[in-house]
Amino acid sequence: MTVSSTMQLRCELCQIEINENADQSDEVLFSRGATGSRSKLWARVCQYLKTDEQKAACINQDLSQRGVEMPGDRYEEIAPFEVGKAETES
Ligand SMILES: [Zn+2]
């Protein structure tokens with residue numbers, strides 16, 4: 001019997017789909033841009049949920065599943081070392 005190693009979950013609240021992979025880390029399918037990690041989804045969306053009702057409906061509230069937030073998980077901010085280096089050098 002073959003069981004698919006990937007399960008797709010959908011967070012109705014965040015309007016996002018998560019591929020739960022058995023043998024690698026989960027993949028979040030953002031509506032735009034590249035796929036990311038659960039911690040990225042948390043940093044960008046899920047942490048802003050306010051009510052307990054919302055939190056209960058979100059599938060990405062479990063710290064043990066999403067992991068801690070990593071650098072770069074939030075929306076792109078200009079890192080200090082990148083300032084002044086863009087545009088002019090093309
Ligand atoms: Zn969510």
Side-chain angles (χ1 to χ4, degrees):
M1 183 173 137
T2 346
V3 181
S4 168
S5 59
T6 304
M7 257 186 33
Q8 194 165 72
L9 305 174
R10 182 175 170 78
C11 185
E12 294 297 337
L13 212 58
C14 305
Q15 299 288 306
I16 231 116
E17 274 159 26
I18 300 176
N19 281 335
E20 273 208 320
N21 299 314
D23 12 281
Q24 47 178 105
S25 54
D26 297 347
E27 220 178 13
V28 176
L29 311 176
F30 290 98
S31 51
R32 296 191 312 163
T35 58
S37 59
R38 274 177 179 261
S39 65
K40 195 171 196 169
L41 175 61
W42 164 261
R44 295 186 174 197
V45 185
C46 303
Q47 69 165 319
Y48 298 110
L49 301 177
K50 299 241 160 51
T51 67
D52 287 346
E53 202 175 43
Q54 287 178 318
K55 288 175 186 168
C58 177
I59 59 174
N60 196 36
Q61 294 290 318
D62 188 342
L63 176 62
S64 65
Q65 282 193 307
R66 72 171 193 260
V68 293
E69 186 185 327
M70 305 293 283
D73 278 350
R74 289 167 188 253
Y75 285 111
E76 285 72 27
E77 292 161 296
I78 299 171
F81 61 85
E82 284 173 332
V83 172
K85 138 177 193 230
E87 326 262 300
T88 49
E89 49 165 6
S90 63

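Whatever order the structure lists them in is the order used to number ligands and atoms, beginning at 1. Worth knowing before you read on, the calculation uses all heavy atoms, side chains too, and leaves out hydrogens, waters and symmetry mates.
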D73-S39 side chain donor-acceptor pair, cut-off 3.5 Å: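 Result is yes, a qualifying pair exists.
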
To the nearest 0.5 Å, what is the distance between [atom1] ([X]) and [atom2] ([Y])?
X   : Y   : atom1 : atom2 : answer
L13 : Q54 : CG    : CD    : 5.5 Å
R74 : Q47 : CZ    : CD    : 5.0 Å
D62 : N60 : CG    : CG    : 8.5 Å

Proximal protein heteroatoms (N, O or S) of the Zn ion (ligand 1), under 2.8 Å: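 Short answer, with waters excluded from the count: C11 SG, C14 SG, C58 SG.
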
Any side-chain heavy-atom pair of K40 and E69 under 4.5 Å: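 No; the side chains remain at least 4.5 Å from each other.
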
Please tabulate, one pair per line, all N/O donor-acceptor pairs under 3.5 Å involving side-chain atoms of residues 25-36, not counting sequence neighbours.
unit_1: D26; atom_1: OD1; unit_2: N21; atom_2: N; d: 3.3
unit_1: D26; atom_1: OD2; unit_2: R38; atom_2: NE; d: 2.8

